[in-house]
Amino acid sequence: MTETTEAAAALGQEAIQPPARRGAGVLRFLRQQRLGTIGAVLIILMTIGAIAAPVLGTSDPEGFGVAPILEGPSGSHIFGTNREGRDVWSRVLYGGRVSLKIGLATVVVAALGGTALALLAGYLGGPVDFAFGRVADVLIAFPSILFALTLHASLRDELPNLGEVLAAEEFLLVVAICIVFTPVIFRIMRGNVLEQRAAIYVESARVIGASEVRIMWRHIFPNLVGLLLIVMSTTLPAAILTESALSFLGVGVQQGTPSWGADLSGTNRAYFVSAPWIAIFPGLALSITVLAFNLFGDALRDTLDPRLRGQR
Amino acid sequence: MQAYIARRLIAVPFMLFGMSLLLFWLLFLRPGNAALTGFGLVSPDQNAQAIASLEEEFGLDKPFFVQYGKWAWNALQGDFGISLKNRRPVTPEIRSRLPVTAELGLLTVLLTAVIGLPVGIISAIRPGTFLDGLLRIVTISGISVPNFWVATLVITLPAIWWAWTPLWEYVRFEDDPINNLKIVIWPAVTLAIATAAYVARIVRSSMLETLYSDYVRTARAKGLRERAVVLRHVFRSSMIAVITVIGIQLGAVLGGSVIAEQIFGIPGLGLLVFESVVSIDYTVALAAIMVFAFMFTIVNLVVDVSYTFVDPRIRY
């Protein structure tokens, strides 16, 4: 996260004044973007919670009868326990692992894929650009949840198992969410590639004899990095929300796997009125995480691209 | 402008063709997919023969493009075939569920506009104040809270505090409008929280952009009341962004209806999509999703065309 902040802040400064020393940009970000800083701190806390889950007083989130059944929050189980006798605090921390893992995987793949396709479309132009654009139109025309549901129905029996890193169900989630977000990112980046292509510096590069590939890679791509960071920071919370919505609908993670969305669904729902803590904490964790990314993304956009201030 | 509308209208069938081909491919291409559902209807010991006869019944033994062509030809005439699960025709089912989801969608968009526009305007005309800061935090929270959690809380918390729950037995609007609204209002509020917050943010930013432009200063300088300046000059020119966003949000509402209808037990199209996808009832899923996609395409078209009426500068 710090890397992103540094890169972001450094980029923001480039336009105004060169940073006096390393880290000055970060300090400026911290001073000027209070809400963004709160978001960044929350993101860091959530990430630590997810990574260090085993040592943060948790018990096996998938075992049965590890803790008493349906007990309210107390000293030994601060978020209470659920119907299967699992500690809700453990479920919430391990659920964060799933959300962050799938969110990050999706955003990286969709951002790289979308940008690569945008550069290709901008470079080749003509029929390729047209074809990519129409495919994107079609993919964007489906409400994302519907499309992910369809993909799930279509692909669920034919999945590679990537073992420990990514279970088959999680891989399917990544694929489904990627197909939903790649065309959106492609469309944004393509618009920018075309804008950059018309810029004077590209013309100058062409005049001095730079090849089109070199122009794309050395001149246009670096100018897209700031926008790409902004797009990634707004896509990540959306991806996390989509993952949890699909898990909520029962077409996400494997049954029993701790996930904020899945823990709010299915048979758990019958116990929400008598044991509200099992409904409140996973939802709260999810909402705070998405809010943190949105706050950070907003601040990042303010810093990197003042033209887009306040927009979303 | 007429040429532009004509061009967009011509694009619609191509879009629908692309979407249906993609969906058909996703749902049908895998051999035996559809037959496997029918498999549950027959006893296991006669499976080979039963599958063969089911495949023949639904035409699944034909090549992909033959199947697609047959489906598309029938769909164009409003016939979406029969459900694999209960063998009932799909079209009447869709027709009876469409108004339910349309009502939910319209109510949500109405709430979105009623909440989102004033909040955005108030935020924009008092930028940097405490109220603006508060509303910004509220709206960014609004877009961050997942709708299925809000729905869960709507059902759970009042039940705990006041032993109050929303009505469960769905009644159709034409049978009992009052009770129908009492039911549909909750999923609509649930979905409208995020969309209203989104609209408020866009209204704020696009109004701030125009609030300091020359023509607004001129309007003030010639002595117009602030109210007239804001509503007639600033707000109107921000309408493009607002229309786009409300249009896009209608898409989010259509997707959200899958979740809201499931939680609140509303027998609409969203619930039908969910049930048919989960039970692998492919003909129903295909028809329901295509109807959704069709509505979304039309909304986008209307949004783009309506720009020209709001902003006379835009000439396609």
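The figures that follow rest on heavy atoms only: side chains count, while hydrogens, waters and symmetry mates do not. Note on naming: letters A, B, ... go to the chains in the order of the sequence lines (proteins, then strands), and numbering restarts at 1 for each one.
Across B:Pro146, B:Ala285, B:Gly256, the residue that shares the most heavy-atom pairs under 4.5 angstrom with chain A is B:Pro146. Per-residue heavy-atom pair counts under 4.5 Å with chain B were compared for A:Ile280, A:Ile145, A:Leu35, and the maximum is reached by A:Ile280. In terms of heavy-atom pairs under 4.5 angstrom with chain B, the leader among A:Asp137, A:Val138, A:Leu286, A:Val135 is A:Val138.
Taking CG of B:Leu135 as the reference point, atom CZ of B:Arg204 lies at 9.5 Å (rounded to 0.5 Å). The CZ atom of A:Phe293 sits 10.0 Å away from atom CG of A:Leu42, with the distance rounded to the nearest 0.5 Å. With rounding to the nearest 0.5 Å, the separation of CG in B:Leu104 from CG in B:Leu269 is 11.0 Å.
For a residue to count as touching a neighbouring chain, one of its non-hydrogen atoms must lie under 4.5 Å from one of that chain's; by this rule B:Ile140 touches chain A with backbone and side chain alike. Neither the backbone nor the side chain of A:Thr289 comes within contact range of chain B; no heavy atoms are under 4.5 Å apart. At a 4.5 Å heavy-atom cutoff, A:Ile38 makes no contact with chain B through either its backbone or its side chain. Proximity to chain B (any heavy atom under 4.5 Å) is shown, for A:Ile240, by neither the backbone nor the side chain. With a 4.5 angstrom heavy-atom cutoff, A:Ile288 does not touch chain B via any of its atoms.
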Could you walk me through whether B:Tyr198 and B:Arg201 satisfy the side chain to side chain contact (heavy atoms under 4.5 Å, CB included) test, starting with their C-alpha distance in whole Å, then the side-chain angles of each, then the deciding distance to 0.1 Å, before giving a yes or no? CA-CA 5 Å; B:Tyr198 206 96; B:Arg201 282 162 62 84; 5.9 Å; no
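The aromatic rings of B:Phe24 and B:Tyr68 stand perpendicular to each other, their planes meeting at an angle above 60°, with 30° marking the opposite boundary.
Remark: A:Arg134 CZ is packed, more than 12 non-hydrogen atoms of other residues, nucleotides or ligands lying under 6.0 Å away.
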